[in-house]
Asks: 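Questions regarding the structure given below will be posed in turn.
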2 protein chains.
Amino acid sequence: MYRCACQVGECVLCEARLASGPAREHACEVRGLLTRQTHRPREILFRQGEPSEHLFLLGTGQVKLMSNLPDGREQILGVRIAGQLLGFEALHPAGAAERGGAAGGDVQHPYTAETLTTVEVCRIRHRDMLAILEQNPAVSLRVIERLRQELDQAQVLIRDLGLKSAPEKVASFILSLVPDDAARADILLMPLSRLEIAEFLGLTVETVSRVFAKFRRDDLIRTPRGRVEVLNRAHLSSVAGGISAAPTPRGERALPAY
Amino acid sequence: MYRCACQVGECVLCEARLASGPAREHACEVRGLLTRQTHRPREILFRQGEPSEHLFLLGTGQVKLMSNLPDGREQILGVRIAGQLLGFEALHPAGAAERGGAAGGDVQHPYTAETLTTVEVCRIRHRDMLAILEQNPAVSLRVIERLRQELDQAQVLIRDLGLKSAPEKVASFILSLVPDDAARADILLMPLSRLEIAEFLGLTVETVSRVFAKFRRDDLIRTPRGRVEVLNRAHLSSVAGGISAAPTPRGERALPAY
DNA sequence: CGTCCCGTTGACGGCGCTCAAAACAGGTGG
DNA sequence: CCACCTGTTTTGAGCGCCGTCAACGGGACG
């Protein structure tokens, strides 16, 4: 499969152009606008409150999005994986100029982005991205689809935070780690620490740890270093108590009836 | 101001086309694709689990989005107002056909949409919308912007649900009712019942009622029928304990300027 | 006037948070 | 290899916030 400068197979820019344009050389005319970066684990891509100037296209790895309250409390808003977007908040199609203010460019990141793993991202200036979107409907459609998926994920999290108990939250979370195509891969990578799981689910470290302990006692899971092994998915699903946080596979039935 | 068939000033379709096209008559070439509907309060636009075939453009009024667990628990995901989008979940730019399955059109609504007030919406088939997006970058940009705003709102709610106490949640919620342009309009419409507020904030009716009572005793608010009057916004903001869902007061800059 | 629904208030109990400490793993240097 | 230090995970004890259950009041409406 052909890859453009950003070397990212899932890149919304490259793929879309490849699919739409007959001419190969056009595939990467955006090359000059992209900056490729590699980050190590636990690096900050940008911080909440900083001015947002770039859009990030995540190529490989995982990035956590987190938001703080002034008193230090921290909430993880989500985890982004390959193909997803970061730092979209300052893309003002129209009106950036028409509204008064400091040239419309002083929008701030509403959250902090920190890498969980080694990460490759493509960075592009908002204005450049805007120009691309204006000229490439196919890219726009891809972006719309990505945003919609992120909105879905956010709503699933809202549901879990709003009405689930601690065990239900943790069970849902574990099940959400199951990759889409996993037929029977029940040993899952655990990208988050106990503290981060707590910050994701609106709980405390101790509560998360206790729930994990209980699941272990009930032979639902095992927890080797940095991993989670699901021993009894059916039972775990019933504990999760309803719709899980798993991304809905395309084309198949969404909202499994469980 | 000119208005197209849908009669909706904020309509992403009409406005965008008006702005981009020089010819007036082009402004409403999408007219034939739009169906305008008027709904009374407490009507269901669509239900969670039903197949999603239409996109809704909200013209006037308010619509609440809610999601249920199998056992009946209910979570309000958000409230949509004029100009926002509904039922976007089935818009599949590419891949709807390429992947196997039942023609790719069997995507289901992940939430139920119910009107809170009298509501005017424009309805359009997903495939028609798709065609419009493919041909009109300006429309795509508007849609992207709307989705991004909805994502921001969702993330604010996630933060509130995940790490705020009951009084903080309620205070944030009240402040979120302050309209963007309100210089000093402190009497706010309350579109939600106590039960709905509870379902929005992940609390119970009793807790919400108790917090309101406490705020009343502390002379922070008054609660005439169907309204909320803010008596001491500064104090209420401090109770909200951090970033609120409210648009930032002019002059001050807190975090998200959504 | 009776009924229904919504909001309010009280009593009580449990889930999950707080505080505290021990168990554990990992890295560093002796 | 072991001692030591550091940060994470686990476990325990106690309590507080908020959910649960119940009763009451008021407005809308037939």
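A note on names: the letters A, B, ... follow the listed sequences, proteins ahead of strands, and every chain is numbered from 1. Predicted, not measured: the structure shown is a model, and the values here were computed from it.
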Asks: For the residue pair R42(A) / T115(A), report whether a side-chain donor-acceptor contact shorter than 3.5 Å exists.
Replies: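 Note: T115(A) and R42(A) side chains miss the donor-acceptor criterion.
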Asks: Do nucleotides 3-17 of chain C as a string where each nucleotide becomes B, S or -: B if the base has a protein heavy atom under 4.0 Å, S if just the sugar-phosphate does, - if no protein is that close.
Replies: ----SBBBB----SS
Asks: Ignoring hydrogens, what is the shortest heavy-atom contact between Q48(B) and N68(B)? Give both atom names and the distance.
Replies: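 Looking at all heavy atoms of both residues, the shortest contact is OE1-N, 2.9 Å.
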Asks: Would you say the ring centroid of F88(A) lies under 6.0 angstrom from that of F56(A)?
Replies: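 No, the ring centres sit 6.0 Å or more apart.
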Asks: Is a salt bridge present between R148(A) and E145(A), judged by a nitrogen-to-oxygen distance below 4.0 Å?
Replies: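 Yes.
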Asks: Provide the full list of salt bridge (Lys or Arg N to Asp or Glu O under 4.0 Å) pairs with a residue in residues 202-214 of chain B, sequence neighbours left out, each pair given once.
Replies: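 Applying salt bridge (Lys or Arg N to Asp or Glu O under 4.0 Å) to every pair that reaches into residues 202-214 of chain B, excluding sequence neighbours, yields K214(B)-D218(B).
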Asks: Check the distance between dT8(D)'s P and I197(A)'s CD1 and give it to me in whole angstrom.
Replies: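 Atom-to-atom, I197(A) to dT8(D), this comes out as 13 Å.
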Asks: Are any of the side-chain nitrogens in E199(A) or R73(A) under 4.0 Å away from the carboxylate oxygens of its partner?
Replies: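 Salt bridge: no.
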Asks: Could you point out which residue of E114(A), Q75(A), R47(A) forms a side-chain contact (heavy atoms from CB on, under 4.5 Å) with M66(A)?
Replies: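 Considering E114(A), Q75(A), R47(A), a side-chain contact (heavy atoms from CB on, under 4.5 Å) with M66(A) is found only for E114(A).
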Asks: Quantified as the angle between the terminal helix axes (five pairs each), what is the overall bend of the helix from dC1(C)-dG30(D) to dG30(C)-dC1(D) to 10 degrees?
Replies: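 For the helix from dC1(C)-dG30(D) to dG30(C)-dC1(D), the axes at opposite ends meet at about 30°.
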Asks: Under a 4.5 Å cut-off applied to non-hydrogen side-chain atoms, are E229(B) and L188(B) in contact?
Replies: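 They are not in side-chain contact.
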Asks: Find the distance F215(A):CZ to dT9(D):P and express it as a whole number of Å.
Replies: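 So the two atoms are 17 Å apart, to the nearest Å.
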